[in-house]
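One-based numbering along the sequence shown. One-based numbering, in listed order, for ligands and for the atoms of each. This structure is a prediction, so every number in the text was calculated from the model and none was measured.
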Amino acid sequence: MERTYLMVKPDGVQRGLVGQIISRFEQRGYKIVGLKMMQISREVAEKHYGEHAGKPFFQGLVDFITSGPVVAMVVEGKDVVATTREMMGATNPLKAAPGTIRATFGVDVGRNVIHGSDSLESARREIALFFRPEELVDYGRAIDAWIYE
Ligand code: DAT
Ligand code: MG
């Protein structure tokens, strides 16, 4: 089954939105297989956001993502990469569709409360960057038969 990397950013943690954000993925039927709070080092932040190195917002982005604890998770389920991106909404919360996480909780692009992998390849890279293999748990849920036909 597909896996993705999701992370409540420092603004989401400070604002007490961790539970509500995680709940959305649980309610959708997705399974959390890895979960932890951590503070990201600049080195890891620069790796994670490597595709944006050199852009005008890069330093601010690294400053922000390292400014406080984040809650990192690996979530598993059918088409989870694309579906969680949809659930997050557009990068700029003002452009995000109503009801999405970013539209519900944010207004500024630099305070958009959540990160999610944008492709299967990014997901694999980001999961490996933030989680050791033994931190991911393989388990079944009785409820899966009521989520998947
Ligand atoms: P996403 O987080 O939707 O994958 P992205 O990968 O293009 O978006 O950018 C990563 C983060 O960088 C984004 O969540 C917020 C910040 N960011 C992106 N574009 C920005 C901009 N034009 N100004 C300020 N911050 C920006
Ligand atoms: Mg991105």
Side-chain angles (χ1 to χ4, degrees), residues 1-138 147-148:
M1 197 68 97
E2 197 170 301
R3 288 181 171 181
T4 194
Y5 177 72
L6 298 167
M7 175 168 68
V8 182
K9 294 181 178 181
D11 52 340
V13 173
Q14 291 294 329
R15 291 173 57 193
L17 300 175
V18 171
Q20 290 183 69
I21 290 173
I22 293 178
S23 271
R24 288 183 174 225
F25 303 119
E26 289 185 312
Q27 286 174 329
R28 188 72 190 254
Y30 288 135
K31 180 167 74 176
I32 299 165
V33 297
L35 181 66
K36 63 180 169 183
M37 174 175 269
M38 64 189 173
Q39 185 137 2
I40 304 178
S41 67
R42 290 195 76 83
E43 188 192 353
V44 169
E46 285 169 7
K47 250 188 217 163
H48 173 61
Y49 282 126
E51 63 173 308
H52 300 300
K55 295 184 185 170
F57 60 84
F58 184 67
Q59 283 309 321
L61 177 59
V62 171
D63 288 345
F64 168 63
I65 208 70
T66 58
S67 67
V70 300
V71 170
M73 65 200 118
V74 177
V75 172
E76 182 181 288
K78 190 174 184 179
D79 216 8
V80 71
V81 173
T83 304
T84 51
R85 287 287 296 191
E86 263 178 20
M87 292 170 73
M88 287 164 46
T91 305
N92 182 344
L94 291 183
K95 300 272 155 44
T100 60
I101 294 168
R102 284 166 166 173
T104 303
F105 298 119
V107 283
D108 264 352
V109 68
R111 299 287 186 274
N112 61 7
V113 306
I114 184 164
H115 167 83
S117 309
D118 63 5
S119 66
L120 265 176
E121 193 194 331
S122 309
R124 272 192 287 271
R125 189 178 66 81
E126 293 169 1
I127 291 168
L129 182 61
F130 290 102
F131 283 87
R132 296 192 302 275
E134 63 269 25
E135 290 180 306
L136 302 179
V137 185
D138 271 312
I147 293 167
Y148 296 105

Practice task
Run the numbers on D108 and K9 for salt bridge (Lys or Arg N to Asp or Glu O under 4.0 Å), then give the verdict.
Solution key: CA-CA 13 Å; D108 264 352; K9 294 181 178 181; over 6 Å; no

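Regarding atom 3 (O) of ligand 1, its nearest protein heavy-atom neighbour is T91 OG1, 2.5 Å. Of all protein heavy atoms, the one closest to atom 22 (N) of ligand 1 is F57 CD2, 3.8 Å. Nearest protein heavy-atom neighbour of atom 4 (O) of ligand 1: R85 NH1, 2.8 Å. The protein non-hydrogen atom at the shortest distance from atom 5 (P) of ligand 1 is H52 NE2, 3.4 Å. If you check which protein heavy atom lies closest to atom 15 (C) of ligand 1, you get V109 O, 3.3 Å.
Residue F25 holds its CZ atom at 6.0 Å from OG1 of T84, rounded to the nearest 0.5 Å.
Considering N112, T100, D118, I114 as possible partners of M88, the one that fulfils the side-chain contact (heavy atoms from CB on, under 4.5 Å) test is I114.
When each atom of ligand 1 is checked for a heavy atom of Y49 under 4.0 Å away, the hits are 10 (C).
The shortest distance between side-chain heavy atoms of R125 and Y5 does not fall below 4.5 Å. Between F105 and D11 the shortest side-chain heavy-atom distance does not fall below 4.5 Å. Counting heavy atoms from C-beta on, the side chains of L6 and I21 never come closer than 4.5 Å. Side-chain atoms of N92 and R102, non-hydrogen and from C-beta on, never get closer than 4.5 Å to each other. H115 places a side-chain heavy atom less than 4.5 Å from the side chain of E126.
Of the candidates V62, N92, V113, L61, L61 brings a heavy atom nearest to atom 16 (C) of ligand 1.
Residue N112 has at least one nitrogen or oxygen atom sitting less than 3.5 Å from a nitrogen or oxygen atom of ligand 1, judged on distance alone. Residue R102 has at least one N or O atom closer than 3.5 Å to an N or O atom of ligand 1.
Contacts of M7 with ligand 1, taken as heavy-atom pairs under 4.0 Å, are absent altogether.
Contact between K9 and ligand 1 is present, with at least one heavy atom of the residue lying under 4.0 Å from the ligand.
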